[in-house]
Amino acid sequence: MKGLQPVLETTGLSIGYRSKKVEKVIATQLDLNLYAGQLVCLLGANGSGKSTLMRTLAGLQPALSGEVMLDNQPLTALKPQGLATKLSLVLTERLETGNLTAAEVIALGRTPYTGWLGKLSEKDQEKVNEAIAFTGTDQLLDRHMNQLSDGERQKVMLARALAQDTGVIMLDEPTAHLDLPSRIELMKLLHYLADETQKAILLSTHELDLALQTADQLWLMEPGKPLVTGVPEDLILNGSFESAFNKNGILFDALSGGFVIERQAQSYLIDLSGNEKQVLWTKKAFQRQGIRIEKGERARFKINALKDQLGANIWEVIFENRLIKLHSIAELLHFIKLNNEKK
Ligand SMILES: Nc1ncnc2c1ncn2[C@@H]1O[C@H](COP(=O)(O)OP(=O)(O)OP(=O)(O)O)[C@@H](O)[C@H]1O
């Protein structure tokens, strides 16, 4: 990113809460950069400080110390209207927009340019139309907000933010109430938007899998530790991702890129080879059943996962010099458990 100017930059930023007597510091020494065209996912366990950071970057709460520069201007020097032309924020809380139609809500995005009662100019209407086209909300325009599903409402709120035409868009847990297909659709849309419109998009989320697959950059928050930034794969390889999320029997498996539930496992002398996909799912089944593969000089179970002539999955097991053919993972698990006990 050398040579590129960040749209949003923090220097020595400390965030937290200050009351008359006490100061509650949530994170310090934050030197963060947000660049045009990037989708950045802010990740962290509950209470790690994601909302506090978003609120501070959006000017909704003061920093404890340090500086936030937005478009080369200190955030603190921007008046609300000026700020609203540079940064838009989509919150998860359902706003009191129930009686408004989707079209009216999207048009509200132009408020910083028109004033509350302002009439939309041709340019305003153009921006609104663009926002509608990007988000595919044209079928929803006449509907009232309280008649929309969570996914539809979220798209309308995104269209409003797009109509606001700011360099930075921030979204606080935008996928929170959505089902899996809608979550994937929204993340894909955000990635496309960042790329296509060169906006900087920062969102907080608990969707680790989706963030790993779509974010250009991750910002990882962990209480008491410095915030770590980087591309997802680097953060996996250097162990930051594991460190932030491994807890209470849930482990991030850096080899598969997924989370596994840690179980009490028993070792079995197994030699497993064969068809890649079958081997992968056989290993997952072993993991789920607490069967830990232990490689040894002499495997007690020598398993070859393969397809038969008709293309069906089979597992050939050599056990005590006999060849046994099994036809499902269920049969394999049963066989191994039964025979491992017979010493
Ligand atoms: N108004 C407040 N005054 C004091 N402390 C607060 C306030 N709001 C939040 N906190 C504390 O700040 C810490 C960070 O909270 P924050 O809401 O930023 O975390 P988060 O990562 O967004 O959590 P979640 O994933 O649960 O939404 C928590 O310990 C929380 O209790």
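Remember, it's 1-based here, ligands and their atoms both numbered in the order they're listed. Basis for what follows: all heavy atoms, side chains included, without hydrogens, waters or symmetry-related copies. Position 1 is the first residue of the sequence, and the numbers go up from there.
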Suppose we measure from [atom] to each protein heavy atom; which comes out shortest, and what is that distance?
| atom | answer |
| --- | --- |
| atom 15 (O) of ligand 1 | T52 OG1, 3.8 Å |
| atom 19 (O) of ligand 1 | G49 N, 3.2 Å |
| atom 27 (O) of ligand 1 | E173 OE2, 3.5 Å |
| atom 11 (C) of ligand 1 | K24 NZ, 3.5 Å |
| atom 28 (C) of ligand 1 | G47 O, 3.9 Å |
| atom 17 (O) of ligand 1 | S51 CB, 3.7 Å |
| atom 26 (O) of ligand 1 | N46 ND2, 3.0 Å |
| atom 10 (N) of ligand 1 | Y17 CE1, 3.5 Å |

### Query
Between Q125, E126, K127, which is the residue that forms a side chain to side chain donor-acceptor pair (under 3.5 Å) with N129?
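Going through the options one by one, the only one that passes is Q125.
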### Message
Please identify which of these residues, L53, L8, L42, meets the side chain to side chain contact (heavy atoms under 4.5 Å, CB included) condition with L202.
### Response
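It is L42; the other options fail the test.
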### Task
Below 4.0 angstrom from a heavy atom of S48, which ligand 1 atoms are there? Numbered from 1 as shown, please.
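Counting atoms of ligand 1 from 1, those under 4.0 Å from S48 are 19 (O), 21 (O).
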### Query
Non-hydrogen atoms of P223 versus ligand 1: any pair closer than 4.0 Å?
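It does not, in that no heavy atom of P223 comes within the 4.0 Å cut-off of ligand 1.
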### Query
Does A45 approach ligand 1 within less than 4.0 angstrom via side chain, backbone, both or neither, non-hydrogen atoms only?
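Backbone only.
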### Task
Examine the proximity of ligand 1 to L53 and report which part, side chain or backbone, both or neither, has a heavy atom under 4.0 Å away.
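It is neither; nothing of L53 touches ligand 1.
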#### Entry: Distance, nearest 0.5 Å, that separates CZ of R300 from CD1 of I270
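Output value for this atom pair is 10.5 Å.
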Do [X] and [Y] make a side-chain contact, defined as non-hydrogen atoms from C-beta onward lying under 4.5 Å apart?
| X | Y | value |
| --- | --- | --- |
| V156 | I106 | yes |
| L333 | R288 | yes |
| N339 | I336 | no |
| Q164 | I169 | no |

### Query
N/O of I26 under 3.5 Å from N/O of ligand 1, yes or no?
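Not met; the criterion fails.
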### Query
So between H206, K50, R55, whose heavy atom ends up nearest atom 20 (P) of ligand 1?
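Looking at heavy atoms only, K50 sits closest to atom 20 (P) of ligand 1.
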### Query
Could D271 and R298 be called an ion pair, given the rule that one side-chain N must be under 4.0 Å from one carboxylate O?
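A salt bridge is absent here (no side-chain N lies under 4.0 Å from a carboxylate O).
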### Message
Students often mix this up, so state it plainly: with edges at 30° and 60°, are the rings of Y268 and F301 parallel, tilted or perpendicular?
### Response
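Plane angle between 30° and 60°, so tilted.
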